[in-house]
Amino acid sequence: MKRIQNVNRWKCLLTLLFSAAVVICVCVGVVMNLTTLEDENFDHMGIETFCMFTVNSNIFMGIAMFLTLPYTVDGLRNGYFRLPDWLVKLLFVASTALSLTFLVSLFILAPVKGFVLIFTGSRFFLHGLCPILAIATFCFVLKDTHLPFGTTFLSLIPVFLYACIYYTMVAVVGEEKGGWNDFYGFLTRIPPWISMSAFLPITFGIATVLRILHNKSCKRYREQARKQYQEAFHSMDMREVVIHLAARNSKKDTTGNIVIPYHVLRMLLNSGEDEQSFEDYCILYMKECLKHEITQE
């Protein structure tokens, strides 16, 4: 059990470090943009920086990564770490948006304005470092939850909403009436029908690639974890293991709330040879935790 917990803590620690790095880089990049009131190469600095998809997608990812931090801290404390499904899906959507930012910066903005300009200053963080860290974290570090195909469509939401706002502010309102100039060049440098019809399929393709990479990492992790559990517990009484796990976690718990580590219990169920069901393991775990709470009182 100690070996399994150490592996879990290392995964938790990596998530904490990578997530914190992304949050810090996003904060640095956004603050640099906000404190730079004028830039001869970019019109939208200061408070106007929030009109750019680059900044918004980075902030979106920074918020999503920040939400992982309480789970990592709790995981280091109790030895059990797993992000909820809704947060993994949120990270998936944010990773897709930030990947689009990176690709647009690399293949559209950089050839026009120069690679040095696009990837220096605050743009080093927002165009390069943050996207790379976020993509690596989502695909190769956060590998507990398998994402079904349907989640790919969720990734289209931020891009679709921003495209509607961008088109409205540039083409409908116009810069003369307080709207935006076409700072990305999607309506002036290329025919509008191309940009408006291409970005959703491109986003869908990016999301598909990210989901495949993430799910492959998830599959490898589950296979490795299953082998580790089988090697550690194949000859042991699983009921005694569950009782020991419940007693250990109850001693470390300071919140008074019973949290059933269903992922660990399912792994234990697959490692044993008894006829207990997953429900039996959950009930046994909860009963042992309640015994501990009663004795503490």
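Values below: every heavy atom of this structure, side chains too, minus hydrogens, waters and symmetry copies. For this chain, numbers begin at 1 and follow the sequence in order. Quantities reported herein were computed from a predicted structural model and do not represent experimental measurements.
Within the 4.5 Å cutoff, the side chain of L83 has no heavy atoms near those of the T145 side chain. Side-chain contact between I135 and F140: absent, with no pair of heavy atoms (C-beta onward) separated by less than 4.5 Å. Counting heavy atoms from C-beta outward, M52 and N33 have side chains that approach closer than 4.5 Å. Here the side chains of L142 and V88 are not in contact, with every heavy-atom distance at 4.5 Å or above. Looking at I118 and F115, their side chains never come closer than 4.5 Å, going by heavy atoms from C-beta outward. Under the 4.5 Å side-chain criterion, counting only non-hydrogen atoms from C-beta, I157 is in contact with L154. Considering only heavy atoms from C-beta on, I212 comes within 4.5 Å of K216 through its side chain.
Linking ILVMFWY side-chain heavy atoms closer than 4.5 Å, directly or via other members, places V73 and V23 in two distinct hydrophobic clusters. Clustering ILVMFWY residues whenever any of their side-chain heavy atoms sit less than 4.5 angstrom apart, transitively, puts L100 in the very cluster that holds L161.
A distance of 8.0 Å separates NZ of K11 from NZ of K143, quoted to the nearest 0.5 Å. Separation of atoms CG (L91) and CG (L98) is listed at 11.5 Å; rounding is to 0.5 Å. In this structure, the separation between CG on L90 and OG on S95 is 9.0 Å, given to the nearest 0.5 Å. A distance of 5.5 Å separates CG in L156 from CG in L200, rounded to the nearest 0.5 Å. One distance of note links OG1 of T101 with CD1 of I206; it measures 9.0 Å at 0.5 Å rounding.
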Practice item. May I have the step-by-step check of side chain to side chain contact (heavy atoms under 4.5 Å, CB included) for V173 and W180, ending in yes or no? Key: CA-CA 8 Å; V173 178; W180 302 342; over 6 Å; no

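Remark: E279 CD is loosely packed, at most 12 non-hydrogen atoms of other residues, nucleotides or ligands lying under 6.0 Å away. Dense packing is recorded around CZ of F53, with more than 12 heavy atoms of other residues, nucleotides or ligands lying under 6.0 Å away. When the shell of 6.0 Å around CZ of F199 is examined, it contains more than 12 heavy atoms from other residues, nucleotides or ligands.
Under the side chain to side chain donor-acceptor pair (under 3.5 Å) criterion, T72 pairs with no residue at all, not counting sequence neighbours. Scanning for side chain to side chain donor-acceptor pair (under 3.5 Å) contacts around Y71 gives an empty result, with sequence neighbours left out. Remark: F92 engages F138 in a ring-ring contact (aromatic ring centres under 6.0 Å, His included) (not counting sequence neighbours).
A donor-acceptor contact shorter than 3.5 Å links the side chain of S57 to the backbone of T54. Using a distance-only test at 3.5 Å, with no hydrogens or angles considered, a donor-acceptor pair links the side chain of S217 to the main chain of C139. Checked by atom type and distance alone, the side chain of N215 pairs as donor or acceptor with a backbone atom of L147 at under 3.5 Å.
The heavy-atom pair separating F125 from C25 by the smallest distance is CB-O, 3.8 Å. M169 and G178 make their closest contact through CE-O, 4.1 Å (heavy atoms, listed as atom of the first residue, atom of the second, distance).
In this structure, F153 and F149 have perpendicular ring planes: the angle between them is above 60°, well past the 30° mark.
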